[in-house]
*Asks:* 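First the structure, then my questions, so here it is.
Numbers for residues simply follow the sequence, beginning at 1. Just so you know, ligand 1 is whichever comes first in the structure, and atom 1 is the first atom listed for that ligand.
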Amino acid sequence: MKKFFITTAIDYANSKPHAGHAYEKVISDIIARYKRLTGYEVYFSTGTDEHSLNVAAKAKELGLDPKAFCDMMAVNFRDLCVLYNISITDFIQTTEPRHENSVTKLFGAIEKAGDIYKGHYEGWYCRSCEAFYTPAELTGDKMCPVHGIKADLIKEENYFIKLSKYTDKLQKMIESGEFKINPETRRNEVLSMLKQGFRDISVSRSGTGWGIKLPGTQDQTIYVWFDALINYITVAGFAADDARFGKMWPADLHMIGKDIIKFHCIIWPIMLMSAGLELPREVYAHGFLLNKGEKMSKTTGNVVDPVEMANKYGAEAIRYYFAAKVISGDDGEFNDEAIKLAFNTDLANDLGNLVSRSNNMVEKYCAGAAPELHAEAMDDKMKALEGLAKGLWAVYSAAMEKYDFSGALASVFNLTGAANKLIEDEAPWNLQKAGKIMELENVLNLLLETIRLASLALSPVMPVTAVKIWEKLGLGYKMETLNIENEMKYGFAWKGIKVSKGEALFPRIVEEKKEK
Ligand code: ME8
């Protein structure tokens, strides 16, 4: 079986999950599920980044031991995965012993390659980014350009990695496509960073008191980014299980946000190169979720809580929203109005209505037993819908392979829209009155076939909804064994299958009238 190893970034454990974390996990899950449904053995990891200064500071503020604080916070992120139905195969906390072993081993390999040296560092450090800035990059009165908080001037002796030794080789691997960065804009951004020249970075900090000890030193800890990036090989079994590592590594896809490409597209691949390990096949950098055009931040107070949103609209609806309405790679809106609109228009009206109307008519006109197709009674409108249904897989899969979820879903909703239109155009109730039974059966058969194909295509995005639809359609599909490419062939043998209308899939959200 072909394998596919996909990872998300690991989230800082100092605060609760925010909508951006949910977004990244959901789109990665859609890919993981799609890959499974197309015949891959999928490994899928996420986790928490726990050795940051903010984590230690927050634990201290609460009077807690930092590790106990991390374990407590990690539960929120694990629960988020359950709430959003994220099909991970591993959840890593960077304070786990397996990770410490892996960091120590990788550091040893880089040191052995002669790529670690001792030096003095003086620079401006943002403790929220956990990154150094040059004076020119700071804004105003020595403020971090990302967080708008004051950067600290840090002078310390620590250890450096010779990034500059590998930047030419990395540039060639990006240019040749051997190491893929998507979307194109991010690839160009990384190439221009490399062309401007990239300075060596320190891999340790001194006197922080929190983090993995740098082997052979007294007060040095591994720099939190150097530590965090290594999580991807820890998960694959580095330093724990060679056979597993041989099978899982390299990762096929690192899904991350656009703010951390420097770490994933320059520093991480060079760490691997130095240690003689293969590079991940691809890094995909998604955009940011915005609230009414503004970046969500705690200081502006416009952060949307992903747990509240899932409880309000259902995780399936939010998953749909992320996939359909946030264009892959771009920033996208995330607010109540936008979600309600997508819910009522696409899910309640287009999809939900199509399923309930169609199944209702099969119950009413055919006693709930699906009818067969009569080729001799197909008119042009029916043939047009049949043509769209036959072409769905090609359009849908081409978009999914590019992680263009909104494109893939547009092809599905184009089909369901056409099916709804066929109902209006053919008016099955009139066909029945006129005794045109073959035509009536054709319409109903085509509707069922449309719903079947659409539900298969929707299954990586809305797995719970897909199963509900399969139950209504009397289809025995099992997610674990399903191969969507095989099943999405047009022309299912419908005759006699028991169909039932059941409950509405997505009851419309009705606005509560405001008190005057
Ligand atoms: O960067 N919209 O952790 P993090 C979409 N620990 N995605 C967003 C977002 C938003 N508004 N805000 C953040 C870290 N993200 C490091 C990663 S990986 C070895 C270490 C994304 O909790 C962000 O881009 O700040 C990143 O991919 C992920 O959420 C975790 O962010």
*Asks:* Under the side-chain hydrogen bond (donor to acceptor under 3.5 Å, both in side chains) test, which residues partner D71, sequence neighbours left out?
*Replies:*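 Scan of D71 (side-chain hydrogen bond (donor to acceptor under 3.5 Å, both in side chains), adjacent residues dropped) gives K67, Q93.
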*Asks:* Thinking salt bridges, do R205 and E157 make one under a 4.0 Å N-O criterion?
*Replies:*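 So R205 does not pair with E157 through a salt bridge.
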*Asks:* Quick one: do D90 and R98 make a salt bridge, cutoff under 4.0 Å?
*Replies:*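 Salt bridge present between D90 and R98.
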*Asks:* What residues come within 4.0 Å of ligand 1, counting heavy atoms only?
*Replies:*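 Residues near ligand 1: A9, I10, D11, Y12, H18, G20, H21, E24, D49, W225, A228, L229, N231, Y232, I256, G257, D259, I260, H264, H286, G287, F288, L289.
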*Asks:* Answer yes if the ring centres of F288 and Y23 are under 6.0 angstrom apart, and no otherwise.
*Replies:*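 Ring-ring flag for F288/Y23: false, centres at least 6.0 Å apart.
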*Asks:* Looking at F91 versus F77, is the centre-to-centre ring distance below 6.0 Å?
*Replies:*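 No.
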*Asks:* Can D200 and K165 be counted as an ion pair, charged N to O under 4.0 angstrom?
*Replies:*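 Result for this pair is no, no salt bridge flagged.
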